[in-house]
Amino acid sequence: MKDMIVLTPFNLNSVILYHQLRKMNEYQDTDFLWFDSNPNLWGEKYCDTYICNGYYSGRMRVIICTDVEKYELELKEKYLNLGFNKNSIYKYKDEKFSSKISEYEAATYVDEFRYSELKPDKWLADDLGYGVARIKKMRKWNEIMNMIPENENISFEDFSGGNRKESYRDKEGKVHILLKRLEINVTNKCSLRCEHCAAMMQYFTAAEDISTGIVLRDYDRMLDLIDWTDDILIMGGEPFMNKELDKIVAGILENKNTESKVGTVKIVTNGTIVPNDNLLNVLSSSNVVVEISNYRDNSRNINELVRKFFEYNIKYIVLGMHHFVYVQQLKKNATIMSKQELLSCRANCSTRCRVVSNGKFFLCSFLKSAHALKAVPKTEDGCLDIYDHDIKDKLEIYLSNTEPMPSVCSWCNGDSREQWENEEYYVPVAGQVNKPLEYTKYSW
């Protein structure tokens, strides 16, 4: 295997260093690659060299090309977690990789950088990676705000931040649904059994796929109901366990409303399964982004998965998972909380992953799985039937920040920002259990 030099992130420093190294005899037989965390750049090329997300494979040396100490430390930690060792990670200004060029040469490289094969709107000054992420987010917000008439009493701030509005009724009485993300459940099967899985896969004993027909019918219905969602997340369980996932992805992409109502289509996987060629071909011809949760040793096929994605030019991101947060789900002998307590839950719960599964709409994956397992008492507010004639009116209330959470949330102690920021709640990432966990099953 040839040596490979990886430059990260894709910015002005790394472009200048790239040209400098390519001119040096000792690097004539070296392959180059860019790592960047911005999915808008993945699969793009600069001077015949690919830009992709970080991964580890054999004889690779990483050069961190940023002058900002905070970003330098974050990047170093990221690549150590991916499998690199300290001796294979360098700083841009290490003596071995210093960029010693004249101002004239630098200006030439900058000019080539700006007018390369990259599309003009994919860069912003010499802060390309971070600039594009900001531009993309602004475009999403602009698309949302363009849906709202100027005479409506709605501000830009209402649709920004973690607690942004997901529903509103205009002056003509029409309900508008604007989701941050919508999860499409395609299977309750999973290749792992994480003790603290937020989707409760650790409780399933006879997990099944959701049929392709039902998934696409529900997806079509939801896109008729909503005005916009930043992301569609194709989820499980482990979505790659559904053998018809290629048909599901193709159906989602072919839907008449996907382009106008969806920001990004994503698949979330745990790095254990490498898709078959049919699915890889579907993904390679689309703008779908695959998010890989890196559970280290448990994500046993992550390197092969990344190599396949790179080979097929598929957009992906590897998410470094440092810890899980302990969320006490399925509390025994839970009592229904008061409306005031449930309203407080609405303010504190950080979950924004709305879920559709088997014709039902849920506020989160916990409620989806609790419903499938009959692990909570059956209540009218546990979910909504998306085929009800008055479903939009119900969604307006169900999604309102001023309404209490469903009563079945009494069986969960929440998923708050405090928990994610407080080490007292941290548990080891993806700790496995040998068999499904026991729970109380209710008669419905």
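Remember, predicted model here, so these are calculated numbers, not experimental data.
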If the condition is side-chain hydrogen bond (donor to acceptor under 3.5 Å, both in side chains), which residues does [X] pass it with, not counting sequence neighbours?
X    : answer
R300 : none
S211 : none
N53  : K78

Which word best sums up how the rings of W34 and Y46 line up, parallel for under 30°, tilted for 30 to 60°, or perpendicular for over 60°?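 Rings of W34 and Y46: perpendicular, as their planes differ by over 60°.
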
Which of Y56, F35, Y90 passes ring-ring contact (aromatic ring centres under 6.0 Å, His included) with Y79? It is F35

Do you know which of S357, P406, C383 makes side-chain contact (heavy atoms from CB on, under 4.5 Å) with L367?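 With L367 as partner, S357, P406, C383 yield a single side-chain contact (heavy atoms from CB on, under 4.5 Å), made by P406.
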
Return the minimal non-hydrogen interatomic distance between M201 and G237, and the atom names on each side. SD-N, 3.4 Å

Taking every non-hydrogen atom, the tightest pair across L223 and T258: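 For L223 and T258, the tightest heavy-atom pair comes out as CD2-N, 3.7 Å.
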
What donor-acceptor contacts under 3.5 angstrom involve side-chain atoms of residues 303-313, with partners at least two apart or in another chain?
residue: R307; atom: NH1; partner: S57; partner atom: OG; Å: 3.2
residue: Y312; atom: OH; partner: D277; partner atom: OD1; Å: 3.0

Could you check whether any side-chain N or O of [X] sits under 3.5 Å from a backbone N or O of [Y], counting only pairs where one atom can act as donor and the other as acceptor?
X    : Y    : result
N11  : C65  : yes
R221 : I386 : yes
D246 : N278 : no
R217 : G359 : no
S299 : N294 : no

Under 3.5 Å side-chain donor-acceptor pair for Y18 and T49: yes

Distance-only side-chain donor-acceptor flag, E238 / S191, under 3.5 Å: no

So, do Y442 and K378 sit near enough that their side-chain heavy atoms are less than 4.5 Å apart? no

Please list, one pair per line, the donor and acceptor atoms closer than 3.5 Å that link side chains of residues 390-398 to other protein atoms, with sequence neighbours excluded.
residue: K392; atom: NZ; partner: V175; partner atom: O; Å: 3.1
residue: K392; atom: NZ; partner: L225; partner atom: O; Å: 3.1
residue: D393; atom: OD1; partner: R169; partner atom: NH2; Å: 3.1
residue: K394; atom: NZ; partner: D388; partner atom: OD2; Å: 2.9
residue: E396; atom: OE1; partner: R169; partner atom: NE; Å: 3.2
residue: E396; atom: OE1; partner: R169; partner atom: NH2; Å: 2.5
residue: E396; atom: OE2; partner: R169; partner atom: NE; Å: 3.4
residue: Y398; atom: OH; partner: D381; partner atom: O; Å: 3.3
residue: Y398; atom: OH; partner: G382; partner atom: O; Å: 3.2

Under 4.0 Å between a Lys/Arg side-chain N and an Asp/Glu carboxylate O for [X] and [Y]?
X    : Y    : value
D385 : K360 : yes
E183 : K368 : no
D220 : K256 : yes

Just grab all the salt bridge (charged side-chain N to carboxylate O under 4.0 Å, His left out) pairs involving residues 399-414, residues at least two apart or on different chains.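 Qualifying pairs: none.
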
Any chance you could measure F361, atom CZ, to D218, atom CG, to the nearest 0.5 Å?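 One gets 12.0 Å once the value is rounded to the nearest 0.5 Å.
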
